[in-house]
Amino acid sequence: MRDPSQANQPEPDHGARPQPDVAGGGGAPEASPWARPPAPYQPWQAPPAPRYQVVPPPPGLRYDHLARTPVNRWWRPLVGTLIVAGAFVAVSVAVIVGGTIAAALLGIPVIMSSGRMFGNPVFELSVMLLSIAAVLPLVFGTAWLVQRRPPGTLSSVLGRVRWGWLLICLVPAVLALVLGQAAMIATLAVTGQGVGQLFGWVGWDRFLPGMVAILVLVPFQAAAEEYVFRGWVIQAFGAYFRTPWPGILLGAAAFTSLHAYTDWGIIDVFGFGALMGWLAVRTGGLEAPIALHVTNNIVSFLPSAASGDLGNALQQGAVPWQSLAGTVVQLGFFTVAVVIIAQKRAIPTVSR
């Protein structure tokens with residue numbers, strides 16, 4: 001029973017929520033802690049495309065195995081080789097066509113017969129050298145795009161050209177060339193062959209244009225051949241084979257087919273290509289082959305330019321057997337000297 005003394009007092013509200021004071025102006029009700037303002041409208045955006053990654057080879061790989069990166073697949077060396085071969089032909093044709101157009105504009109006779117292309121030997125030499133040198137960027141691009149590896153791995157196991165080592169290799173290259181030329185001349189003289197036609201002087205006015213073309217373009221032409229036939233071919237085969245010899249021999253054969261020499265000249269060029277391939281693997285890079293190739297080509301062209309016989313120097317064909325004596329001395333001395341120097345200077349032969 002309720003106490004009469006509490007008749008005018010309100011009954012207690014057990015569990016009832018307090019009501020907001022709307023009459024007395026007590027303000028807006030308190031916001032819920034779970035309430036969030038609506039997010040501003042943003043248009044849909046496509047996710048970012050995956051970034052193209054170039055993957056270097058793992059450490060401890062020999063030069064011919066540098067294409068064995070973690071992303072290598074069986075088809076990458078094959079597709080890359082087809083691209084390099086196609087680029088070699090396409091670039092050569094494009095440069096020759098461009099040279100023909102330039103010759104017509106400059107008034108240079110276009111021959112295109114008897115093994116000659118143009119009536120100006122210096123212009124012809126420049127076009128010939130440029131048609132090979134222009135392939136070099138495409139070889140680098142194929143390694144980067146198709147094989148997804150640093151293009152510098154074509155140069156050496158350190159992923160770059162070892163310029164100091166290249167300059168060192170030029171010293172035995174020059175000495176080897178001098179000894180080889182002396183051996184060839186001595187063999188020609190002993191066998192009763194004349195050597196007077198090997199030397200001559202046409203004058204500075206006719207020699208200088210040829211000398212400039214030779215000194216500027218031959219290094220790029222020789223380097224391009226080394227990167228294609230020693231670098232790319234050896235590493236493409238090295239992606240499949242443990243031994244480097246399939247790549248060395250196939251690269252030397254392809255290198256020989258690029259030249260038009262016959263009989264003893266085939267042996268000369270093939271031997272040069274095979275030995276340069278072995279040296280690339282043995283020294284861990286293309287520096288030694290490039291040094292000898294550049295030196296050999298410069299000295300092959302300069303005497304012809306000095307004697308005014310540069311047009312005949314562009315002709316390739318039969319080579320007397322006596323020239324092999326000079327080749328054996330030259331390649332033998334250079335190989336032994338480079339291997340000894342590389343050992344003494346501890347030139348790296350595997351990737352790091």
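- Following chains of ILVMFWY side-chain contacts shorter than 4.5 Å, one cannot reach V178 starting from L170, and the two form parts of different hydrophobic clusters.
- Counting only residues at least two apart or on different chains, the side-chain hydrogen bond (donor to acceptor under 3.5 Å, both in side chains) pairs with a member in residues 230-254 are T81-W232, R149-Q235, E226-R230.
- A donor-acceptor pair is defined here as one N or O able to donate and one able to accept, closer than 3.5 Å; no such pair exists between the side chain of S126 and the backbone of A213.
- Taking R162 as the reference, E287 meet the salt bridge (charged side-chain N to carboxylate O under 4.0 Å, His left out) condition, with sequence neighbours excluded.
- Contact detail for A173 and T295: the closest heavy-atom pair is CB-OG1, 3.8 Å.
- Between R352 and V157, every side-chain heavy-atom pair lies at or beyond the 4.5 Å cut-off.
- Placement of W264 and V190 in two distinct hydrophobic clusters is found when ILVMFWY residues are connected by side-chain heavy-atom separations under 4.5 Å, directly or transitively.
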From CA spacing to verdict: side-chain contact (heavy atoms from CB on, under 4.5 Å), L175, F334 | CA-CA 8 Å; L175 294 176; F334 182 76; over 6 Å; no
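- When hydrophobic side chains of Ile, Leu, Val, Met, Phe, Trp and Tyr are connected at separations under 4.5 Å, V55 ends up clustered with V71.
- By the 30° and 60° cut-offs, the orientation of the rings of F207 relative to W204 is perpendicular.
- Remark: the D309 side chain and the S304 side chain contain no N/O donor-acceptor pair separated by less than 3.5 Å.
- Across all their heavy atoms, T187 and A325 have their closest contact at OG1-CB, 3.3 Å.
- Looking only at distances, no side-chain donor or acceptor of S156 sits under 3.5 Å from a matching main-chain atom of V161.
- Under a 3.5 Å cut-off, the side chain of D263 and the backbone N or O of V319 do form a donor-acceptor pair.
- Under the 4.5 Å side-chain heavy-atom criterion for Ile, Leu, Val, Met, Phe, Trp and Tyr, F272 and I267 are members of distinct hydrophobic clusters.
- Smallest separation of non-hydrogen atoms from A183 and V329: CB-CG2, 3.7 Å.
- The two residues G277 and I234 have their closest heavy-atom pair at CA-CD1, 3.7 Å.
- Under the 4.5 angstrom side-chain criterion for Ile, Leu, Val, Met, Phe, Trp and Tyr, I111 has no cluster partners at all.
- Looking only at distances, a side-chain donor or acceptor of R148 sits under 3.5 Å from a matching main-chain atom of Q53.
- For H65 and F237, the ring centers are positioned 6.0 Å apart or more.
- At least one donor-acceptor pair closer than 3.5 Å links the side chain of S131 to the backbone N or O of M128.
- Put simply, the side chain of S155 never gets that close to the backbone of G159: no donor and acceptor are under 3.5 Å apart.
- Think of V328 as one node in a network of Ile, Leu, Val, Met, Phe, Trp and Tyr side chains linked at under 4.5 Å; it has no links at all.
- With sequence neighbours left out, F301 forms a ring-ring contact (aromatic ring centres under 6.0 Å, His included) with no residue at all.
- For F220 against V216, the heavy-atom pair with the smallest separation is CD1-O, 3.2 Å.
- Using cut-offs of 30° and 60° on the angle between ring planes, the pair Y227 and F140 is perpendicular.
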Tell me, with the steps shown, if Q147 and N72 meet side chain to side chain donor-acceptor pair (under 3.5 Å).
-> CA-CA 7 Å; Q147 294 187 319; N72 180 51; 5.1 Å; no
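- How far CD of E124 is from CD1 of I96: 9.5 Å, rounded to the nearest 0.5 Å.
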